[in-house]
Protein chains: 2
Amino acid sequence: MSAAPAVLHEVPIDLGDRAYPIVIGHGLLGAAGTWSGLPKASSAMVVTNTTVAPLYLRSLTEALKPHFRDVHQVTLPDGESHKDWQTLNLVFDALLSRHSDRKTVLFALGGGVVGDMTGFAAACYMRGVPFVQVPTTLLAQVDSSVGGKTAINHPLGKNMIGAFYQPVRVVCDLDTLDTLPAREFSAGLAEVIKYGPIADMEFLDWIEANLDALMRREPAAVAHAVRRSCEIKARVVAQDEREGGLRAILNFGHTFGHAIEAGLGYGEWLHGEAVGCGMAMGIELSRRLGLVDAAFAQRLTALLQRAQLPVRGPRLGEDRYLDLMRLDKKAEGGDIRFVVIEQPGRAAMRPAPEAMVREVLAHCTA
Amino acid sequence: MSAAPAVLHEVPIDLGDRAYPIVIGHGLLGAAGTWSGLPKASSAMVVTNTTVAPLYLRSLTEALKPHFRDVHQVTLPDGESHKDWQTLNLVFDALLSRHSDRKTVLFALGGGVVGDMTGFAAACYMRGVPFVQVPTTLLAQVDSSVGGKTAINHPLGKNMIGAFYQPVRVVCDLDTLDTLPAREFSAGLAEVIKYGPIADMEFLDWIEANLDALMRREPAAVAHAVRRSCEIKARVVAQDEREGGLRAILNFGHTFGHAIEAGLGYGEWLHGEAVGCGMAMGIELSRRLGLVDAAFAQRLTALLQRAQLPVRGPRLGEDRYLDLMRLDKKAEGGDIRFVVIEQPGRAAMRPAPEAMVREVLAHCTA
């Protein structure tokens, strides 16, 4: 932990009466001042997992005590394989057994799985209570904690049951990234890299120039990567909160990636790893559609490799990939639609011929 | 079924971009024209239960076929005791196994339980798909299908897990009330009667004058009762969609009623029966608080009795009642707050001294 808390950036998300800030800095989690100005309530419930609890649960709980009469805790099993109803119900059990009322504030302390589940629990508990995202992984800080997508998985598909439900605040304490395993840090970089080809070529240039510093987790580089990622995501989400159109570009790499995750069983690959590989497939598809040249496809793939991300998918068989992708929620009316790079720095949704998708899969699986 | 479909009334609910109409009439369910103008989709999923399916599922399915390429069906077990996650998951299973996409339109064909569960399934499936309420009970037509409250029960409390999620249309086919058992019809009358003391004394006068006609289910009387109930509910919901304040008046009788339902086990008493009895308790509490006189309390209780509703609660013990009511979601920060009648035709939320609540329970339990 840093000696003194320091807010480096505050990124606003402009969503009218659902607007909220993303606060980025050092030493934030354990500082009581970080938690001022939240909705008034007599109780808070911190939701975390078995991995994060020993690291940060006590510190957050102590920092919340000046603000809430009761600060309760519930610790879930760790991992995407537990992102299901049974685990979600542990949160409801905890809330109800504590007689938590409809003003209770939930805190999601952990990575994307904890954030998605806590957000969905907050969306549903008594038809909606406030919640705060306290992401402790790079992936959650740059992507999943921002924008209000919450969900659990169903045996027949990932994130199939959920809600658009905005947090009241996101607090990204960069110090929490110090404890992140290398594999998880790389998985987070996949989503950072994503913002380049879909929205901001200057940012892609910056990532290329600073990837070594990022891999060494140099504080200034990490702070900029988190800030710029949040700014881009905030801009996209403010324009299209419920994914009517534009917001879908944030899913670049995700249709292929979800098929990898579902095909291998959730948790085998990290979500960010699957997305990284999915982007390698997505850029190959974009190339075959004649949208980007081979040099740009190669440039993106090489960057993913430098970030220690897989760029070749598991051999599930093309039919299985296609089945899984048809089930993905971006398939409407039977056609599979993909996020493609229309030109470097701009993404769009496009249907793709099945034969071409098969070629991409043949080209990009190990 | 009537020979020709006839729309008698259309009550708008003014909720900005979530506005929708309540269509009231005869012969609507089986007429293809009723289902024009809904969101475009390739598939529909009709959710119903084992009691309603043999009566109306085929008719609705045929009427939907001109509008959707695929019309799927899922039939749930009947009753409040099945308003749980396990049953809800049957809907998700059906949707996913049919590869239903995020435009699929759900139809809730049944009473309050089917409506609440289908609405919550629609709120959560792929983070939200459109749904239509097709209420087939009086209670659902005058209350639960209107206003966007959806939920399932948790073993520790009723409606604890849910969402505010508006349908795109509500279609009240009055003909479906012909098949309703007498006990269920009376349960629906409880919610009709409710609108009088909380909002409209003229309507209460009308109900008193026409209760015999209502009990005989005379079409003109039933049509007026459904229309006026929907108008009052629409006005309240438009002013306070998410129950920040005013909308709570619609819960008159519900805090006591929920305790009866939970204490006996869901499904023992019908929801409307519990609410009817809860109103008898609520008016007694209002009298003891000095808000209404004994004559008005007696007048309301007599009307409930004429509608064949229970006005004395089961002997659960006062401590048990109090425990159950503290868990109810209208308890915030430990105080039990009740909807009371401030004066005939006007309701408000008030905390009540525990000793007085105990007196009411002693006075109103069998």
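Residue numbers begin at 1 in each chain, while the letters A, B, ... track the order of the sequences. The figures that follow rest on heavy atoms only: side chains count, while hydrogens, waters and symmetry mates do not.
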Under 4.5 Å from a heavy atom of chain A, the part of [X] involved:
| X | value |
| --- | --- |
| B:Leu95 | neither |
| B:Thr150 | backbone |
| B:Asp93 | both |

### Query
What residue, out of B:Tyr165, B:Phe92, B:Tyr125, has the most heavy-atom pairs lying under 4.5 Å from chain A?
B:Phe92
### Query
When only pairs under 4.5 Å are counted, which of B:Trp85, B:Phe164, B:Phe120 shares the most heavy-atom pairs with chain A?
B:Trp85
### Approximate separation, where rounding is to 0.5 Å, of B:Asp101 CG and A:Arg326 CZ
14.0 Å
### Task
Kindly compute the distance separating CZ (B:Arg98) from CG (A:Leu156), expressed to the nearest 0.5 Å.
13.0 Å
### Pairwise side-chain contact, B:Arg242 with A:Arg127, heavy-atom cut-off 4.5 Å (strictly under)
no
### Task
Side-chain contact test, heavy atoms from C-beta onward, threshold under 4.5 Å: evaluate it for B:Asn89 versus A:His154 and give yes or no.
yes
### Message
I'd like to check the side chain to side chain donor-acceptor pair (under 3.5 Å) partners of B:Arg358; sequence neighbours left out, ordered by chain and number.
### Response
B:Asp319, B:Glu354
